[in-house]
Asks: 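Supplied in structure tokens, the structure appears directly below.
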Amino acid sequence: MGRRPCCEKIGLKRGPWTIEEDHKLMSFILNNGIHCWRLVPKLAGLLRCGKSCRLRWINYLRPDLKRGALSEAEEDQIIQLHSRFGNRWSKIAAHFPGRTDNEIKNHWNTRIKKKLKELGLDPVTHKPIEQHENRGAKDEGIMQSKFSENSFELKLMDNPSSN
DNA sequence: AAAAATGTCAACCGCCAAAAT
DNA sequence: AATTTTGGCGGTTGACATTTT
């Protein structure tokens, strides 16, 4: 068997957070600030592991979170950044104050990826997909030619430095 | 109307670097 | 200096929602 879970303490809760839990975590952090996540559940009266508390705070409770759908402009910028950084979501998210890496990753995986494919672009390389005689996509022979106008391309694995 | 397919998204897992001891 | 613990990250899962057949 593999590595043991971060919270082996049996009885620890997992899965979706309830509003009561959110309340406890929220008020605890607002009152005490962020110091040591491991201590949070105990001090806040939660049956969760510290890691779970951290995640909940970062992705959902932080007051500085910007909520709501990503705008088209944001989406475009994500594509630009992705073409340079690849799947370095936290790096990409750093350009969007108030948005989380998880949210951006989700958006990429569920919407943008498909959108690019529909435009005939490879979501990994951001380059036009070779089309040996149609295969999977829904023909309409129109697709790829016109999208060569994409300005982003190349430089996919560019930055080896800094994380 | 029902079922199947597809989409969405919160939250988990394990890895590993950084921090702590 | 070496070992252990914590926190950050990206990939992935699975529950629920929506759309399609």
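Just so it is clear, the values below take in all heavy atoms, side chains as well, and ignore hydrogens, waters and symmetry mates. Quick note on labels: first sequence line is chain A, next is B, and so on, each numbered from 1.
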Asks: Out of the candidates Asn106(A), Asp101(A), Thr100(A), only one should pair with Glu103(A) under the side-chain contact (heavy atoms from CB on, under 4.5 Å) rule; please name it.
Replies: Thr100(A)

Asks: Which base sits across from dA1(B) as a Watson-Crick or G-U pair, both distances under 3.5 Å?
Replies: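 Checking every strand shown, dA1(B) finds no partner, since no pair has both distances under 3.5 Å.
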
Asks: In whole Å, I'd like the distance from the CG atom of Leu55(A) to the P atom of dT12(C).
Replies: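 Rounding to the nearest Å, CG of Leu55(A) and P of dT12(C) are 17 Å apart.
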
Asks: Is Ile58(A) reachable from Trp17(A) through a run of hydrophobic residues whose side-chain heavy atoms are each under 4.5 Å from the next?
Replies: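 Yes.
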
Asks: Taking N and O atoms by type only, does the side chain of Lys51(A) place a donor or acceptor under 3.5 Å from a partner on the base of dG14(B)?
Replies: yes

Asks: Donor-acceptor pair, His126(A) side chain versus Asp122(A) backbone, under 3.5 Å?
Replies: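 No, because the side chain of His126(A) does not come within donor-acceptor range (under 3.5 Å) of the backbone of Asp122(A).
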
Asks: Considering only NZ, NE, NH1 and NH2 on the basic side and carboxylate oxygens on the acidic side, decide whether Glu21(A) and Arg56(A) come within less than 4.0 Å.
Replies: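 Answer for the salt bridge query: no.
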
Asks: Without swapping roles, check the side chain of Lys24(A) against the backbone of Ala44(A) for a donor-acceptor pair under 3.5 Å.
Replies: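 No: the side chain of Lys24(A) does not pair with the backbone of Ala44(A).
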
Asks: Let me check something: do Leu39(A) and Leu25(A) share a hydrophobic cluster, defined by ILVMFWY side-chain heavy atoms less than 4.5 Å apart, either directly or through other members?
Replies: yes

Asks: Within this structure, what is the CD1-to-C1' distance between Ile58(A) and dC9(C), rounded to whole angstrom?
Replies: 12 Å

Asks: Taking N or O atoms only and anything under 3.5 Å, show me the protein contacts with nucleotides 19-21 of chain B, one pair per line.
Replies:
none

Asks: Send over the distance from Leu70(A) CG to dC9(B) P, rounded to a whole Å.
Replies: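 So the two atoms are 9 Å apart, to the nearest Å.
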
Asks: Compare side-chain N and O positions of Arg14(A) against OP1 and OP2 of dC13(B) and report whether any pair is under 4.0 Å apart.
Replies: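 Answer yes for this pair, as a side-chain N or O of Arg14(A) is under 4.0 Å from OP1 or OP2.
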
Asks: Atom CZ of Phe85(A) and atom P of dC9(C): how far apart are they, to the nearest Å?
Replies: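 Spelled out: CZ on Phe85(A) to P on dC9(C) is 14 Å.
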
Asks: Given dT5(C), is OP1 or OP2 found less than 4.0 Å from the side-chain N or O atoms of Trp37(A)?
Replies: no

Asks: Would you call Glu118(A) and Lys113(A) a salt bridge, taking side-chain N to carboxylate O under 4.0 Å as the test?
Replies: no

Asks: Ignoring backbone atoms, establish whether Ser52(A) has a side-chain N or O less than 4.0 Å from OP1 or OP2 of dA11(B).
Replies: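 So the side-chain polar atoms of Ser52(A) never come under 4.0 Å of the phosphate oxygens OP1 or OP2 of dA11(B).
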
Asks: Determine whether more than 12 heavy atoms belonging to other residues, nucleotides or ligands lie under 6.0 Å from atom OH of Tyr60(A).
Replies: no

Asks: Atom CG of Asn59(A) and atom CZ of Arg54(A): how far apart are they, to the nearest 0.5 Å?
Replies: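 One finds 8.0 Å between CG of Asn59(A) and CZ of Arg54(A).
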
Asks: What's the CG-C1' distance between Leu47(A) and dA11(B), to the nearest Å?
Replies: 17 Å

Asks: Identify which nucleotide among dA10(B), dG7(C), dC12(B) has an atom closest to any side-chain atom of Arg48(A), counting heavy atoms from C-beta outward.
Replies: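 Closest of the options to the side chain of Arg48(A): dC12(B).
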
Asks: Does Leu81(A) offer a backbone N or O that forms a donor-acceptor pair with the side chain of Arg84(A) under 3.5 Å?
Replies: no

Asks: Rounded to whole angstroms, how far apart are CZ on Arg67(A) and C1' on dA10(B)?
Replies: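 So the two atoms are 13 Å apart, to the nearest Å.
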
Asks: How long is the line joining CH2 of Trp89(A) and P of dC9(B), in whole Å?
Replies: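 After rounding, the gap between these two atoms is 15 Å.
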
Asks: Which whole-number value in Å describes the distance from Arg54(A) CZ to dA10(B) C1'?
Replies: 15 Å

Asks: What residues in residues 16-26 of chain A put a non-hydrogen atom under 4.0 Å from any atom of DNA chain B?
Replies: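 Nucleic-acid contacts, sorted: Pro16(A), Trp17(A).
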
Asks: Check whether Ser52(A) reaches the backbone of Arg48(A) with its side chain - one donor and one acceptor, N or O, closer than 3.5 Å.
Replies: no

Asks: For residues 94-115 of chain A, which residues have at least one heavy atom under 4.0 Å from DNA chain B?
Replies: Asn102(A), Asn106(A), Thr110(A), Arg111(A), Lys114(A)

Asks: Going by atom types alone, do Glu75(A) and His107(A) pair a side-chain donor with an acceptor below 3.5 Å?
Replies: yes

Asks: For Ser90(A) and dG8(C), is the shortest distance between a side-chain N/O and OP1 or OP2 below 4.0 Å?
Replies: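 Ser90(A) to dG8(C) OP1/OP2: no side-chain N or O under 4.0 Å.
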
